[in-house]
K.L.:
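Let me begin by handing over the structure; questions about it come next.
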Amino acid sequence: MLLETPRGMDDLLPEEVRVKRKIEDVIREVYRLYGYEEVETPTVEYLALFEAKSGEEIRHRMYRIPDIHGRTLVLRPEVTASIARLVASKLSKAPTPIRLGYIADCYRYDEPQWGRRRRFWHGGLELFGCTDPMADAEIVLASYDVFRMLNIADTWFRFGHVGIVRGVLGECGVGERLQDMFLTAIDRKQVAEAFERVGGALSDEAAGTLQALLQLRGDYTAGRKALDILSPWPTASKACENLLEIVDEVLQVRPGIRYVMDFGFARGLEYYTGFIFEQGVSDVEISFNGGGRYDRLVGLFGGRETPAVGCAIGITRIMSYLLRVGAPVESSAPKILISIVSDRARGRALHVATTLRENGIPATVDVSRKRVGDAIELAVKKGIRYVGVIGERELESDSITVRDLEKRRQDEISVGRLVDHLKNNL
RNA sequence: GCCGAGGUAGGGUAGCCUGGUUAGCCCUCAGGGCUGUGGACCCUGCAGCGUGGGUUCGAAUCCCACCCUCGGCCCCA
């Protein structure tokens, strides 16, 4: 017990952290390029924040923590609600549009397996204050760029719009609560149950429309077909047009992306009001990124009604994927290990290492004072390319012997030229 | 939460069916052989049967429960 981590919560070893950092670096670069400002919110939040609109599934998978005064706190299962709260409160007077990003650990009491951990990281982008399809398209394009910059070329998108089904149901007088239940059932692929729940509220025509719609998926032409099916339903038609517009704008920039428009597509979070999407990688079932539009959440938290669209990128899933496919990640090993073979050389070794570091070259001194041969062996194991040797001879001539383990050659170089020598040979 | 397969030193494995020496091997790690070249080699050492019960003269081995890991379902990023 003492030596185990809680189930589903992982220690991350150097190799894993290296990959995770790389993903975070890319996400932060996308923030920079798109003008998103990173924020942090508490890992622990009040239960109420997630109770309203997080969706059935997530609600009962939250870690709950009773505090001393009997309030119920939870470990955040996701971050969007926190960001919406932030916009409803501290940022209520910030000029819109507001672009915010976050990288944060989240917690869900799930059954652990590949790509599903009880503690995992999300990297998100949230854009507040715009209803224009360009905003939705921007989130998709930024998502695409994250994967592109990680050299994950083979990525796919699934596009949908909860406003379509909500539109048909709404025009039949089905209330929001019932709409949520319908969509949750659809998300679970329980189509029959979905229809049972709304029961008699639907006319035959509405039921027929929905049945046809839920099976419809495909490329842009499927979207046109959906428009036909929806022609008697003005609200739903408008939602469908909105979806087509967003996808069209994405395709204008990235005509080659792999995507499917899926009209039977729903997501587990209940706060979505419009466009929704998921993104994944071809040889993996589960999605790596998901998001959509939630125009009412900020208002629900007491803020001014503020439209919003965003996404949550599964950093932990991408990390597992990159480790699995063995994606190359730059080594974090120092470039040179300086071996000392004379007590008098100790000061010189430290001095040389300092000079190298001041020039941006990572260097370590062999403080364990191994024999040269053992130092070479250690360097090989640690992936350090160069071994420097400083002893009496080098002190004499104000130089350092540098052995290149990759090219298997050795040179005696004056200390003054060492920085240039290593820089030229990296 | 459900179904399936598994758990032997830090990693990888043999032994389990058919209970019986001190649980073997490879890598890693530590110390030494070894005072400036061993991308080594040799010697020595540290460290293990997931946990708890049960059966038995005796359990890594058979039985039960639990824990954990890995798949799958469900769901999700």
Side-chain angles (χ1 to χ4, degrees), chain A residues 1-11 13 23 27 54-62 76-80 103-125 143 146-147 184-190 266-269 277-281 284-292 310-321 337 339-343 345 366 368-396 400-410 412:
Chain A
M1 206 49 126
L2 186 62
L3 297 182
E4 281 169 13
T5 56
R7 186 165 158 78
M9 308 218 186
D10 307 313
D11 288 325
L13 299 178
I23 300 163
I27 291 174
S54 286
E56 186 57 36
E57 192 64 29
I58 282 181
R59 261 200 300 275
H60 86 265
R61 292 198 190 279
M62 284 192 286
R76 61 181 165 211
E78 53 116 17
V79 189
T80 299
I103 290 175
D105 52 344
C106 300
Y107 300 80
R108 288 182 201 174
Y109 202 90
D110 264 324
E111 215 39 43
Q113 54 192 255
W114 192 92
R116 195 173 65 188
R117 313 271 71 197
R118 289 184 174 177
R119 178 187 191 220
F120 56 93
W121 275 261
H122 269 181
L125 294 91
S143 294
V146 168
F147 287 74
T184 298
I186 294 300
D187 184 33
R188 293 179 179 167
K189 313 269 182 297
Q190 300 165 344
R267 290 176 48 76
L269 296 164
F277 78 100
E278 281 182 358
Q279 182 180 13
V281 176
V284 182
E285 274 298 307
I286 54 180
S287 68
F288 284 30
N289 175 23
C311 67
I313 297 168
I315 292 173
T316 304
R317 283 187 176 177
I318 299 175
M319 181 187 82
S320 300
Y321 173 76
L337 175 68
S339 173
I340 301 161
V341 291
S342 159
D343 278 337
D366 176 32
S368 62
R369 296 296 304 273
K370 292 185 193 316
R371 278 178 272 277
V372 175
D374 290 334
I376 290 169
E377 208 178 318
L378 180 67
V380 169
K381 282 176 187 160
K382 298 266 192 196
I384 300 171
R385 179 168 170 183
Y386 295 95
V387 171
V389 181
I390 303 179
E392 293 296 333
R393 292 207 298 270
E394 288 80 6
L395 287 174
E396 264 326 281
I400 178 170
T401 299
V402 176
R403 190 182 179 99
D404 184 337
L405 268 34
E406 207 168 283
K407 290 185 178 159
R408 292 177 175 265
R409 53 176 285 194
Q410 187 165 308
E412 193 167 330

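Residue numbers start from 1 in every chain, and the chains themselves are labelled A, B, ... in the order their sequence lines are given, proteins ahead of strands.
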K.L.:
Taking any heavy-atom pair under 4.0 Å as a contact, classify Gly280(A): base, sugar-phosphate, or nothing.
P.N.:
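The answer is nothing, as Gly280(A) stays clear of every strand by at least 4.0 Å.
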
K.L.:
Rounded to whole angstrom units, what separation is found between the CG atom of Asn289(A) and the C1' atom of C76(B)?
P.N.:
13 Å

K.L.:
Calculate the interatomic distance between Glu412(A) atom CD and G36(B) atom P; express it in whole Å.
P.N.:
15 Å

K.L.:
Can you find a pair of side-chain heavy atoms, one from Gln279(A) and one from Phe288(A), that are under 4.5 Å apart?
P.N.:
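Of all side-chain heavy-atom pairs linking Phe288(A) with Gln279(A), none is under 4.5 Å.
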
K.L.:
Is any side-chain N of the basic residue among Arg117(A) and Asp110(A) closer than 4.0 Å to the acidic one's carboxylate O?
P.N.:
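Looking at Asp110(A) together with Arg117(A), the answer is no, because their closest N to O distance does not fall below 4.0 Å.
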
K.L.:
Is any side-chain N or O of Arg116(A) under 3.5 Å from a base N or O of C74(B), one able to act as donor and the other as acceptor?
P.N.:
yes

K.L.:
Taking the side chain as every heavy atom from C-beta outward, state whether Ile313(A) and Asn289(A) have any pair of such atoms under 4.5 Å apart.
P.N.:
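Counting from C-beta outward, Ile313(A) and Asn289(A) do come under 4.5 Å.
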
K.L.:
Please figure out whether Ile313(A) or Arg393(A) has its closest RNA chain B nucleotide nearer the 5' end.
P.N.:
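In this pair, the answer is Arg393(A).
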
K.L.:
Rounded off to whole Å, could you give me the CZ-to-P distance for the Phe120(A) and A77(B) pair?
P.N.:
8 Å

K.L.:
Using Watson-Crick or G-U wobble geometry with both distances under 3.5 Å, which nucleotide pairs with G71(B)?
P.N.:
C3(B)

K.L.:
Taking G20(B) as the reference, what is the distance to U61(B) when you measure between their P atoms (whole Å, please)?
P.N.:
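Per the computed distance, 11 Å lies between those P atoms.
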
K.L.:
When we call it a touch if two heavy atoms are under 4.0 Å apart, what does Arg369(A) touch: a base, just sugar-phosphate, or nothing?
P.N.:
nothing

K.L.:
Output yes when Asp343(A) and Arg369(A) qualify as a salt bridge under the 4.0 Å nitrogen-oxygen rule, no when they do not.
P.N.:
yes

K.L.:
Measure from CZ on Arg371(A) to C1' on G31(B) and round the result to the nearest Å.
P.N.:
11 Å

K.L.:
Check every atom of C70(B), U37(B), C76(B) against the side chain of Thr401(A) and return the nucleotide holding the closest atom.
P.N.:
U37(B)

K.L.:
Using a cut-off of 4.0 Å on non-hydrogen atoms, how would the nucleic acid contact of Gly290(A) be classed: base, sugar-phosphate, or nothing?
P.N.:
sugar-phosphate

K.L.:
Taking atom P in both G50(B) and A14(B), what distance in whole Å separates the two?
P.N.:
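Those two atoms are separated by 14 Å.
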
K.L.:
Return the pairing partner of G52(B) with a 3.5 Å limit on both distances, Watson-Crick or G-U wobble; otherwise return none.
P.N.:
C64(B)

K.L.:
Mark this stacking check for Trp114(A) against G71(B) as yes or no, applying ring centres under 5.5 Å and ring planes under 30°.
P.N.:
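Answer is no, no stack.
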
K.L.:
What is the nucleic acid contact for Ile286(A), judged by heavy atoms within less than 4.0 Å: base, sugar-phosphate only, or nothing?
P.N.:
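Base: the residue Ile286(A), judged by heavy atoms under 4.0 Å, touches a nucleobase.
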
K.L.:
Take atom P in G31(B) and the same atom in C16(B), then report the distance between them in whole Å.
P.N.:
38 Å

K.L.:
What's the gap between C43(B) and G48(B) when it is taken at their P atoms, as a whole Å value?
P.N.:
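Between the two P atoms, the distance is 23 Å.
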
K.L.:
Return the value, rounded to whole Å, for the distance between atom CG of Asp11(A) and atom P of U69(B).
P.N.:
12 Å

K.L.:
For Ile103(A) and A77(B), give me the distance from atom CD1 to atom P, rounded to whole Å.
P.N.:
18 Å

K.L.:
Quick check: closest heavy atoms across Ser320(A) and Trp114(A), and the distance to 0.1 Å?
P.N.:
CB-CZ2, 3.6 Å

K.L.:
Tell me what Gly123(A) touches on the nucleic acid: a base, only sugar-phosphate, or nothing, going by heavy atoms under 4.0 Å.
P.N.:
nothing

K.L.:
Between Tyr109(A) and Thr316(A), which has a closest nucleotide on RNA chain B that is more 5'?
P.N.:
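Per heavy-atom nearest nucleotide, the more 5' residue is Tyr109(A).
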
K.L.:
Would you find a donor on one side and an acceptor on the other, under 3.5 Å apart, between the side chain of Thr316(A) and the backbone of Trp121(A)?
P.N.:
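Between the backbone of Trp121(A) and the side chain of Thr316(A) there is a qualifying donor-acceptor contact (under 3.5 Å).
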
K.L.:
Quick check: does any side chain N or O of Arg118(A) sit under 3.5 Å from a backbone N or O of Met9(A), one acting as donor and the other as acceptor?
P.N.:
no

K.L.:
Mind checking the C1' distance from G24(B) to A47(B)? Whole angstroms is fine.
P.N.:
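Rounded to whole Å, the distance is 15 Å.
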
K.L.:
What is the distance, rounded to the nearest whole Å, between atom CZ of Arg108(A) and atom C1' of G1(B)?
P.N.:
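Going from Arg108(A) (CZ) to G1(B) (C1'), I get 17 Å.
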
K.L.:
Under 4.0 Å between any heavy atoms, over every strand shown, what does Gln279(A) touch: base, sugar-phosphate, or nothing? Just pick one.
P.N.:
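Answer is nothing: Gln279(A) stays at 4.0 Å or more from every strand.
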
K.L.:
Mind checking the C1' distance from U44(B) to G6(B)? Whole angstroms is fine.
P.N.:
36 Å

K.L.:
Should the pair Arg385(A)-Asp404(A) be classified as a salt bridge under the 4.0 Å nitrogen-to-oxygen rule?
P.N.:
yes

K.L.:
When only distance counts, do a donor and an acceptor, one from the side chain of Arg61(A) and one from the base of C75(B), lie under 3.5 Å apart?
P.N.:
no

K.L.:
Closest approach to the side chain of Leu405(A), judged atom by atom: which nucleotide of A77(B), G71(B), G39(B) is it?
P.N.:
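Selected nucleotide: G39(B).
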
K.L.:
Return the nucleotide paired to G39(B): Watson-Crick means purine N1 to pyrimidine N3 with N6-O4 or O6-N4, wobble means G-U with N1-O2 and O6-N3, both under 3.5 Å.
P.N.:
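When the pairing criteria are applied, nothing turns out to pair with G39(B), so the answer is none.
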
K.L.:
Could you tell me whether the side chain of Arg403(A) has a donor or acceptor atom within less than 3.5 Å of a complementary atom in the base of G39(B)?
P.N.:
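Answer yes: a donor N or O sits under 3.5 Å from an acceptor.
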
K.L.:
Scan Asp404(A) against the nucleic acid and name what it touches under 4.0 Å (heavy atoms): base, sugar-phosphate only, or nothing.
P.N.:
base

K.L.:
Per the side-chain contact (heavy atoms from CB on, under 4.5 Å) rule, which among Arg108(A), Arg61(A), His122(A) passes with Pro77(A)?
P.N.:
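Going through Arg108(A), Arg61(A), His122(A) one by one, the side-chain contact (heavy atoms from CB on, under 4.5 Å) with Pro77(A) is satisfied by Arg108(A) alone.
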
K.L.:
If you measure from the C1' atom in U18(B) to the same atom in A59(B), how many Å do you get, rounded?
P.N.:
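It comes out at 14 Å once rounded to the nearest Å.
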
K.L.:
Could you give the distance separating C67(B) and G53(B) at their C1' atoms, to the nearest angstrom?
P.N.:
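The answer is 14 Å between these two C1' atoms.
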
K.L.:
To the side chain of Val389(A), which of U37(B), A77(B), C74(B) is closest?
P.N.:
U37(B)

K.L.:
Does C57(B) pair with anything, Watson-Crick or G-U wobble, both distances under 3.5 Å, and if so, with which nucleotide?
P.N.:
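Checking every strand shown, C57(B) finds its partner in G20(B), with both distances under 3.5 Å.
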
K.L.:
Are any of Lys381(A)'s side-chain N or O atoms less than 4.0 Å away from OP1 or OP2 of C29(B)?
P.N.:
yes

K.L.:
Which nucleotide, C74(B), G36(B), C2(B), lies nearest any side-chain atom of Glu111(A)?
P.N.:
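Comparing C74(B), G36(B), C2(B) against the side chain of Glu111(A), the answer is C2(B).
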
K.L.:
Is there a donor on the side chain of Glu406(A) or the base of G39(B) sitting less than 3.5 Å from an acceptor on the other?
P.N.:
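Side chain to base: no pair below 3.5 Å.
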
K.L.:
Please confirm whether the shortest side-chain N or O distance from Arg385(A) to OP1 or OP2 of G39(B) is below 4.0 Å.
P.N.:
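So the side-chain polar atoms of Arg385(A) never come under 4.0 Å of the phosphate oxygens OP1 or OP2 of G39(B).
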
K.L.:
Starting at atom CD of Glu285(A), determine the distance to atom P of G71(B), rounded to an integer number of angstrom.
P.N.:
14 Å

K.L.:
Assign Glu394(A) to base, sugar-phosphate, or nothing according to its heavy-atom contacts below 4.0 angstrom with the strands shown.
P.N.:
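Base contact.
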
K.L.:
Applying a 4.0 Å non-hydrogen cut-off, can you work out what Glu278(A) is touching in the nucleic acid: base, sugar-phosphate, or nothing?
P.N.:
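Nothing: the residue Glu278(A), judged by heavy atoms under 4.0 Å, touches no strand.
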
